[in-house]
Amino acid sequence: MANVIRESDDNLPVVDYTDILQKIITYLRQQNLFKISGDRQRLLIKLDTIAANLSRQSIQNPLNSTRGVRSATVNFNQNFANSFPQLIQQIRDILRESLCTTLNTDNIAEFIGANLITNLEQFQGNSQQLGLIYNFNRQFTNLQKQKLSIDKNRFGGESLLKFHKVTISVQHINSFQSELQAGVENYIDNEVTCSSETEREELHEILEEEVENNESEFHKLQRIVDQETLGKLKKEAKITYLTYIIDNIGSVDATALIYLQTLRRRLRLIEYYITHQDKAYADYDVYYAGATVNYRDVFARAEAVDSLPIVPIIAGILGENTDRERGETQFIFGLKFKFNNPVQNQGGKSVFDYNLDILNPDSEEHQRELRDRYNREKFARKVLQRVFLYYFVFACDNPQQEGYHPSNDLNYDPIHNFERKILPTLRGDNQEEKEALLRRIIQELENYNVRGKIAILRKALQNFIHRDRILPTGNYSRQIVVRKSVLKENINSNLDGNFFEDVVVSNPKQCLKYILIQNAGVETDALCQLPVNIEIEDIRYYLNQESQQFSWQYNIKEIPTLPILWVPRTKNNPCWNLYERHFQQHKHIIFSYNNTHLISDNITSEEAFIYHFSWSLLAYICISILLEKAPKNLFLPMVRLHEGTHKKPFPVEKFLANLSKIISYLLSEKYLSSSQGFRINNIKSYKISNGLNSLYSRLPKHFSFENIEPPQLDKLAIIVVASRETDAWYDSRRRRDRCSNMTGEVVSISSLDNGTIRIETVKTFSDNYHVRRLYRNPPILIDTISNLYRQGYRHFLYIAKAPYTSSLHITQTDVDEGLYFMSPSLIKELKGERDDIKIYPVFFDKYYVHKLKNFKSKSLYLQDTRQLMKVARDTKQQAIVFFNLFNGIEVGPKTDRFYNGVISYSTLLKIHSDVIDDNDIMRGLIDDNSLKNDILKYLTLFHFSRFEKTSQISLKLDPYENIIGDESFGALSVFPQMTETVEFNSLAFLTEVSKALMLD
């Protein structure tokens, strides 16, 4: 079977689903899942009972050994790989026979075409009620995009937008190895007691051997510094941002300044505490509700403090470049502040109040999460993290005590009090004492005016950021220090090269205490040092008079449609009542289910996995049977009705929401499909309109411009790619032993004879590969490009996640793996021998700006590459920012709308020169010419085409969220395996099912 991963391919854990598939076959022979309505226009599929019954059976774990396994899905053992296609086809054949019996015909395709498929134009209408009726004839007019510019010669008072960015420059990266070696040599010469000079010479010889051996501890320490230091640098950049503000804030309320200085000091104390040399790794272990957290591990991460209500945030990576000639690596990030705004889907609760609920053992959320066996451990870790963070940042003397002054906070010692009052209880095993401790902490946070302090800080910071004056650029010298204490105390010639502490090999995370970020200067405890510069800039954007007006409308002519509904059906269920009122008049397929499954606290991980697995497999095969001979232009809108709320979702509804999106994605390889849910507890007309707009957002659209010459580029294909792990170990040393599911989407943009521009989704694709092949020559992607080429496409915007490594590049890495989907080997395979093909490698990220003035346009753009270099400059001209898009839509209360998002597009030069002519990239994306204008116009229209609301029409800031990101279909497809610490990727598994169904 093509592309099924074999056991012999790699050293990965193997899986065998024979037992569960055979039990599914047995159940299917006993029960018919299908039922047709009396008018033969609605097909009901009832597979929920089988899934529930199977979940209560004793079924063998597909994974023989779970030790050290992080994910296990498609690495089939050899015997199962051979039998898998036959088992899947057997399930399909049983289901097909049952369906034919239900329909009383052997011609399923003919029945579907005559009884269940509807022309989409029949859903045309102006209804504001729940249902499938939508105004496809509406023309969206008076749309506009307006140009921005960056000009350092203009006054700040004229600027429209403000952006703060930080550039972290790590220097002397080429000499790090020699400096580390020199540091160890100096230590041997000056601090090691040797019995003779001969022994000292032997130590030097051993060190030379270590340096020559790429697998030695010497090189492992280099890799740890290389791979683990950026998180520390980003934390330092956040604190430095506070320093930058303090340096420039000028006239401000004295109390606000104290609170700002206190916040900076407390964040520094966190770093001081977790890197204390005298503390053992285990000293940072704490426990709650069965979960263990190591504070040194948790707070080594850059984002560890982001759950504070008011804190600087690194938001968006705009560039990463390495200049080997200068020996420098640069990282460019956006900066913003978190301002204690309401948390989404939490009923308007502020970040501070939401986190108090997490800490509060008496809160509904705290108790509910601890009852949830899947989220319990994750939630308990969240509690432990917030206890430490909120105590360290907000603990203080009692403000009600006589003589208290806000300046007291500048001298308060949270470390001493944390170790005396908090840590002993957290390290103990008495759950009741821990809960009592949490209540006391919450009481203190409530009584000690923390909300008032946050409000004062928020007001002062927002006023400062809103000022017109352009701030001077700030440069701050820092250094990365590797402490001498990473060396063993008793070094002698009998060590056989083991100069370093054992954790260098056994647990790299424990080495973080030996790596510090400090102010520049002489550090007596340093084994070696790397200089760092942190630069913070105030960038301004100005409105340009150049703008373009356009309109768009749907093109739904002759599109056959087959709706698929997912509705809970229990006694007196309100979802089913709404379905009968608003959907039953349409032809459709419906999956009904009991949404109370999986609510019980006693559900085991085995039961949950079998239920999820059975639903996923059977739902996909059922739909596949129904579509075996369906028309290629078929549209499959999937509609879900949910009884649960965002805050309290039913577990089964949440799972089936994800499953419907995954199946919709897989079906889009041949057809057009989308999935949208409606929560019935608070159904309003605008929510219905927005939901339907989202449901139909993938349909073809036609755009028309006013008074503009038609584009010269007749066709452009946008290809978006991503991947998600399917099979891997926890051990980072085995990171090359992993498999992933590759996902992608193709969008076509073409200029029509009448001057309009058509945008439509062509297809999606999915396949599973070992990492060695994933970034070099994945056939599914190569075939997709070839097929598009045969259809006349010559220009391809090839979009993937930014190939940033979070590495300092002090060690050399494989260029293909380092650039991921942008690797030269892969681009070469995509281009092939076709000289006329133009592939433009593109990646993107999002950063945030503050709006200084109101303006009418909802959509802004900046495409002057010379100006964009001020946003992210690359001295080697390898990563070039060529396009920024800004969405000016305002949502929610004005007090909560402080930042707006900007999507920034970049491309690569001088990386693929042996494969792609850099001049092609320059003409298509960088130089000012008609081809670039056409490509960027098409790209902007693509953003507009994915907008999912019916009012304030603008561009969708992230049109790639279904493929790339935490809410992508790949991410939503992951759920716990029978062993809940192991992940299962249902999209990857169903991809193998799809291939098995196509074999005969």
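Scope of the values below: all heavy atoms of this structure, side chains included, with no hydrogens, waters or symmetry mates.
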Working for side chain to side chain contact (heavy atoms under 4.5 Å, CB included), residues Leu699 and Leu120 = CA-CA 11 Å; Leu699 291 169; Leu120 184 56; 3.7 Å; yes
Leu862 and Phe886: side chain to side chain contact (heavy atoms under 4.5 Å, CB included), yes or no, with the steps?
-> CA-CA 9 Å; Leu862 178 58; Phe886 168 85; over 6 Å; no
Hey, mind stepping through Ser954 and Ser859 against side chain to side chain donor-acceptor pair (under 3.5 Å) and telling me if it holds?
-> CA-CA 6 Å; Ser954 181; Ser859 306; 2.8 Å; yes
Show the numbers, then the answer: is there a side chain to side chain contact (heavy atoms under 4.5 Å, CB included) between Gln548 and Phe705?
-> CA-CA 8 Å; Gln548 294 179 358; Phe705 278 84; 3.4 Å; yes
Report the C-alpha distance between Gln863 and Asn933 in whole Å, list the side-chain angles of each, state the deciding distance to 0.1 Å, and finish with yes or no for side chain to side chain donor-acceptor pair (under 3.5 Å).
-> CA-CA 9 Å; Gln863 67 179 57; Asn933 291 336; 3.0 Å; yes
Evaluate side chain to side chain contact (heavy atoms under 4.5 Å, CB included) for Glu121 paired with Ile556, printing each intermediate quantity in order.
-> CA-CA 7 Å; Glu121 292 175 277; Ile556 62 167; 3.9 Å; yes
Report the C-alpha separation of Phe136 and Tyr696 in whole Å, then their side-chain angles, then the decisive distance to 0.1 Å, and conclude whether the ring-ring contact (aromatic ring centres under 6.0 Å, His included) test is met.
-> CA-CA 9 Å; Phe136 294 106; Tyr696 297 128; 4.8 Å; yes
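For Asp966, the CG atom sits in a loose shell: 12 or fewer heavy atoms of surrounding residues, nucleotides or ligands are nearer than 6.0 Å. Applying the 6.0 Å contact sphere to CD of Glu709 captures no more than 12 heavy atoms from other residues, nucleotides or ligands. Taking a 6.0 Å sphere around CG of Asn104, one finds it holds 12 or fewer heavy atoms contributed by other residues, nucleotides or ligands. In this structure, Asn682 places its CG atom where more than 12 heavy-atom neighbours from other residues, nucleotides or ligands lie under 6.0 Å away. Heavy atoms of other residues, nucleotides or ligands lying less than 6.0 angstrom from NZ of Lys654 number 12 at most. For Gln585, the CD atom counts as densely surrounded, since its 6.0 Å shell holds more than 12 non-hydrogen atoms of other residues, nucleotides or ligands.
Considering every non-hydrogen atom in both Gln584 and Glu580, the closest pair reads CB-O, 3.6 Å. Asn135 approaches Gln124 most closely through the heavy-atom pair OD1-NE2, 3.1 Å. When all heavy atoms are compared, the tightest approach of Gly644 to Arg679 is O-NH1, 2.8 Å. When all heavy atoms are compared, the tightest approach of Ala619 to Trp566 is CB-CH2, 4.3 Å. Closest approach of Arg724 to Ala971, counting heavy atoms only: NH2-CB, 3.3 Å. Closest of all the heavy-atom pairs between Ala114 and Lys587 is O-NZ, 3.9 Å.
The shortest side-chain heavy-atom distance between Lys846 and Leu885 does not fall under the 4.5 Å cut-off. Ile559 places a side-chain heavy atom less than 4.5 Å from the side chain of Pro700. A heavy-atom distance below 4.5 Å is not found between the side chains of Leu43 and Ile590. Considering only heavy atoms from C-beta on, Asp48 comes within 4.5 Å of Trp615 through its side chain. The shortest side-chain heavy-atom distance between Glu643 and Glu653 falls under the 4.5 Å cut-off. Side-chain contact between Leu781 and Tyr798 is present, with at least one heavy-atom pair separated by less than 4.5 Å. The shortest distance between side-chain heavy atoms of Leu939 and Val842 does not fall below 4.5 Å. With contacts defined as side-chain heavy-atom distances shorter than 4.5 Å, the pair Ile719/Phe765 qualifies.
Aromatic pair Tyr905/Phe843: ring centres not closer than 6.0 Å. Aromatic rings of His850 and Phe898 (six-membered ring for Trp) have centroids within the 6.0 Å cut-off, being under it.
A donor atom on one side chain and an acceptor atom on the other are not found under 3.5 Å apart for Tyr665 and Ser675. Side-chain N/O atoms of Asn741 and Ser766 include a donor and acceptor closer than 3.5 Å. Ser668 and Thr764 share no donor-acceptor pair across their side chains, judged by distance under 3.5 Å alone. Side-chain contact annotation: Ser664 with Ser674, donor-acceptor N/O pair under 3.5 Å absent. Side-chain contact of Asp934 with Gln712: a donor-acceptor pair under 3.5 Å is absent, judged by distance alone. Side chain to side chain, Asn594 and Thr596 meet the donor-acceptor criterion of an N or O pair below 3.5 Å.
Asn633 places a side-chain N or O within 3.5 Å of a backbone atom of Glu558 that can act as its donor or acceptor partner. Of the possible donor and acceptor atoms, one in the side chain of His588 sits under 3.5 Å from a partner among the backbone N and O of His586. Put simply, the side chain of Glu628 never gets that close to the backbone of Ala109: no donor and acceptor are under 3.5 Å apart. Between the side chain of Thr570 and the backbone N or O of Asn573 there is no donor-acceptor pair closer than 3.5 Å. Counting only distance, with no hydrogens or angles, the side chain of Thr784 and the backbone of Ile780 share a donor-acceptor pair below 3.5 Å. Between the side chain of Ser127 and the backbone N or O of Gln129 there is at least one donor-acceptor pair closer than 3.5 Å. Lys670 places no side-chain N or O within 3.5 Å of a backbone atom of Leu666 that could act as its donor or acceptor partner. Lys35 contributes no side-chain N or O that, together with a main-chain N or O of Lys46, makes up a donor-acceptor pair within less than 3.5 Å. Using a distance-only test at 3.5 Å, with no hydrogens or angles considered, no donor-acceptor pair links the side chain of Ser904 to the main chain of Phe844. At least one donor-acceptor pair under 3.5 Å links the side chain of Asn887 to the backbone N or O of Leu955.
Note on Lys956 versus Glu961: salt bridge recorded, some NZ/NE/NH1/NH2 to OD/OE distance being below 4.0 Å. Taking a cutoff of 4.0 Å between a charged side-chain nitrogen and a carboxylate oxygen, Arg946 and Glu948 do not qualify as a salt bridge.
Going from atom CG of Leu788 over to atom NZ of Lys763 covers 8.0 Å, rounded to the nearest 0.5 Å. Between His642 atom NE2 and Phe678 atom CZ the span is 9.5 Å, to the nearest 0.5 Å.
A cation-pi arrangement is present between Lys336 and Tyr848, with the terminal nitrogen or guanidinium carbon under 6.0 Å from the aromatic centre and inside a 45° cone about the axis. In this structure, Arg794 satisfies the cation-pi test against Tyr789, with its NZ or CZ atom closer than 6.0 Å to the six-membered ring centre and inside 45 degrees of the ring normal. Cation-pi geometry between Lys661 and Phe969 is not satisfied (NZ or CZ under 6.0 Å from the ring centre, within 45° of the ring normal).
Screening Ile589, Thr102, Ile564 against Ile45 for a side-chain contact (heavy atoms from CB on, under 4.5 Å) leaves a single residue, Ile589. Just one of Tyr960, Phe703, Phe947, Phe883 meets the ring-ring contact (aromatic ring centres under 6.0 Å, His included) condition when paired with Phe942; it is Tyr960. For the pairing with Met638, the side-chain contact (heavy atoms from CB on, under 4.5 Å) check across Ile663, Leu659, Leu565 returns one residue only, Ile663.
Taking the six-membered ring where tryptophan is involved, the planes of Tyr554 and Tyr134 are perpendicular, since the angle between them exceeds 60° and thus also 30°.
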